[in-house]
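The next block holds one structure in the form of structure tokens; read it before the comments.
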Amino acid sequence: MTGKNFAATGQLLGTVVAVQANFYRVQLEQEDGEQGSRGAEEKLDLNPSLLLCTRRTRLKKIGQQVMVGDRVVVEEPDWAGRRGAIAEVLPRQSELDRPAIANVNQILLVFAVADPPLEPYQLSRFLIKAESTDLDVLLCLNKSDLISPPEQQQVSDRLLGWGYEPIFISVKDGINTEQAARYLSNKITVIAGPSGVGKSSLINTLIDSAKLRVGEVSGKLARGRHTTRHIELFELPKGGLLADTPGFNQPDMDCIPEELIHYFPEARKRLAVASCRFSDCLHRDEPECAVRGDWERYEHYLEFLDAAIAHQTQLHEQADPESTMKLKSKSKGKGQSQYEPKLESKKYRRISRKTQLQDLQELYRDEE
Ligand SMILES: Nc1nc2c(ncn2[C@@H]2O[C@H](COP(=O)(O)OP(=O)(O)O)[C@@H](O)[C@H]2O)c(=O)[nH]1
Ligand SMILES: [Mg+2]
Ligand SMILES: [Zn+2]
């Protein structure tokens with residue numbers, strides 16, 4: 001237990017909750033090993049267990065980065081000036097890329113049932129992106145005050161078919177927000193979803209000190225590709241940390257094409273009881289495929305697969321712009337292994353030639 005470590009070694013342990021230039025804000029752990037939880041009326045700036053820290057030169061020399069979410073050992077605390085130095089970064093349990101946060105336990109996806117309207121395709125994209133992180137995915141549907149109970153039931157049934165059990169909440173009317181909060185305690189959670197669905201409102205309800213601006217279109221301004229986004233973890237009153245992600249608005253389909261299928265719970269269910277004839281099946285028009293079939297999001301799968309393949313192909317072309325030429329002139333003499341990236345994208349291309357059939361299938365579907 002952390003409390004014992006604290007007593008035995010005299011080490012100060014904490015979690016990096018924000019990075020500002022070369023400074024790290026570190027929330028120290030209480031002696032019982034829990035994150036500090038204090039009265040809601042106490043502002044974060046007055047929090048005595050929050051230290052502004054630098055990174056020890058030794059860490060810089062070994063190239064040890066410090067991320068938001070990292071658990072760190074703090075040395076030489078200056079309690080009056082509330083300063084310290086990060087001497088060590090504990091091994092990470094997980095590492096998210098965008099947003100860059102370590103040790104995240106789960107993703108809380110927030111959508112609204114109305115205003116903005118619930119867009120199945122957009123929701124699907126966010127779900128796939130969330131699933132691709134390998135973290136637990138929690139789905140909250142906000143603004144439930146705007147729809148009737150039968151409408152809510154309809155949405156619920158539909159998403160159950162996708163393999164999800166959403167929590168319907170209303171931040172405005174305080175419906176189920178306590179229930180949602182219980183899922184967050186003592187975990188690091190990243191909140192994601194399109195703008196306007198009530199993410200900032202939810203965070204403000206859960207954490208008084210957060211005071212995020214509601215109705216702010218921060219997403220639009222912060223979406224620029226090279227803008228570094230400020231990431232901050234907010235401490236939940238009952239323990240646990242929560243991060244907003246203004247930059248998570250339009251998830252890219254940058255996953256590995258073969259892995260995409262595993263991000264669909266419906267397909268996972270099918271693959272648990274049957275296998276495709278070919279181990280490298282992409283579940284399009286291959287014979288004896290266990291996945292292809294009559295499930296709602298199969299169309300989404302096909303579209304996302306095309307996007308993922310396009311992304312992969314582009315990556316390989318960037319890595320080796322003259323690959324087509326090289327492959328032609330050298331493939332006779334030398335071993336093929338060095339052209340693997342090229343061959344891989346060629347593999348996808350060969351399959352995607354069959355998209356004609358797929359286009360037909362889509363036409364049929366459109367006509368139905
Ligand atoms: N009707 C209704 N409106 C809400 C609810 N929660 C938030 N809103 C409104 O939705 C708008 C966007 O909220 P905001 O928290 O800024 O969304 P964000 O962009 O996801 O952070 C604001 O005008 C909020 O007042 C809710 O439960 N019901
Ligand atoms: Mg917001
Ligand atoms: Zn298959």
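Throughout, numbering of the chain's residues begins at 1 and tracks the sequence. We count ligands from 1, going down the list as the structure has it; atoms in each ligand are counted the same way.
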Handout entry: Side-chain donor-acceptor contact under 3.5 Å, Tyr183 with Gln106
Key = no

Exercise for the section: Check the pair Phe304, Tyr263 against ring-ring contact (aromatic ring centres under 6.0 Å, His included), reporting the backbone distance first and the verdict last. Expected result: CA-CA 11 Å; Phe304 297 160; Tyr263 308 147; over 10 Å; no

Practice task
May I ask you to decide if the ring planes of His283 and Tyr301 are parallel, tilted or perpendicular, using 30° and 60° as cut-offs?
Solution key: tilted

Handout entry: His283: its N/O/S atom lying closest to the Zn ion (ligand 3) (atom name)
Key = ND1

Exercise for the section: Could you tell me the angle subtended at the Zn ion (ligand 3) by SG of Cys281 and SG of Cys289, rounded to 10°? Expected result: 110°

Exercise for the section: Would you kindly specify which portion of Asp145 sits under 4.0 Å from ligand 1, judged on non-hydrogen atoms: side chain, backbone, both or neither? Expected result: side chain

Problem - N/O separation below 3.5 Å, Ser195 to ligand 1 - result: no

Practice task
Please confirm whether the backbone N or O of Val171 pairs with a side-chain atom of Asn142, one donor and one acceptor, at under 3.5 Å?
Solution key: yes

Problem - Short N/O/S contact of Ser200 with the Mg ion (ligand 2) (below 2.8 Å) - result: yes

Exercise for the section: Report, in ascending order of atom number, the atoms of ligand 1 lying under 4.0 Å from any heavy atom of Ser170. Expected result: 27 (O)

Exercise for the section: Would you tell me which option among Ala192, Gly196, Ser200, Gly174 has the nearest heavy-atom contact to atom 12 (C) of ligand 1? Expected result: Gly196

Practice task
Supply the atom-to-atom distance Thr189 OG1 to Asp244 CG, rounded to the nearest 0.5 angstrom.
Solution key: 12.5 Å

Completion exercise
Gly198 heavy atoms within 4.0 Å reach ligand 1 at atoms 7 (C), 13 (O), 14 (P), 15 (O), 17 (O), 18 (P), 20 (O)

Exercise for the section: Could you list the atoms of ligand 1 found under 4.0 angstrom from a heavy atom of Val197? Expected result: 17 (O), 20 (O)

Practice task
Salt-bridge test for Glu76 and Arg56: reply yes if a basic N is under 4.0 Å from a carboxylate O, no otherwise.
Solution key: yes

Practice task
Check whether any side-chain N or O of Ser94 sits under 3.5 Å from a backbone N or O of Val104 as a donor-acceptor pair, and report yes or no.
Solution key: yes

Handout entry: Numbered atoms and elements of ligand 1 in range of Ser201, under 4.0 angstrom, heavy atoms
Key = 7 (C), 13 (O), 14 (P), 15 (O), 24 (C)

Handout entry: Spacing of CG belonging to Leu184 relative to CG belonging to Leu236, to within rounding of 0.5 Å
Key = 6.0 Å

Exercise for the section: Check whether any N or O atom of Leu146, backbone or side chain, sits under 3.5 Å from an N or O atom of ligand 1, and answer yes or no. Expected result: no

Exercise for the section: Tell me which part of Asp244 gets within contact of ligand 1: side chain, backbone, both or neither, using heavy atoms under 4.0 Å. Expected result: neither

Handout entry: Polar atom proximity, Ile169 to ligand 1 (N or O, under 3.5 Å)
Key = no

Practice task
Answer side chain, backbone, both or neither: which part of Leu202 comes under 4.0 Å from ligand 1, heavy atoms only.
Solution key: neither

Exercise for the section: Determine whether Ile309 and Leu260 fall in the same hydrophobic cluster, where Ile, Leu, Val, Met, Phe, Trp and Tyr are linked whenever their side-chain heavy atoms lie under 4.5 Å apart. Expected result: yes

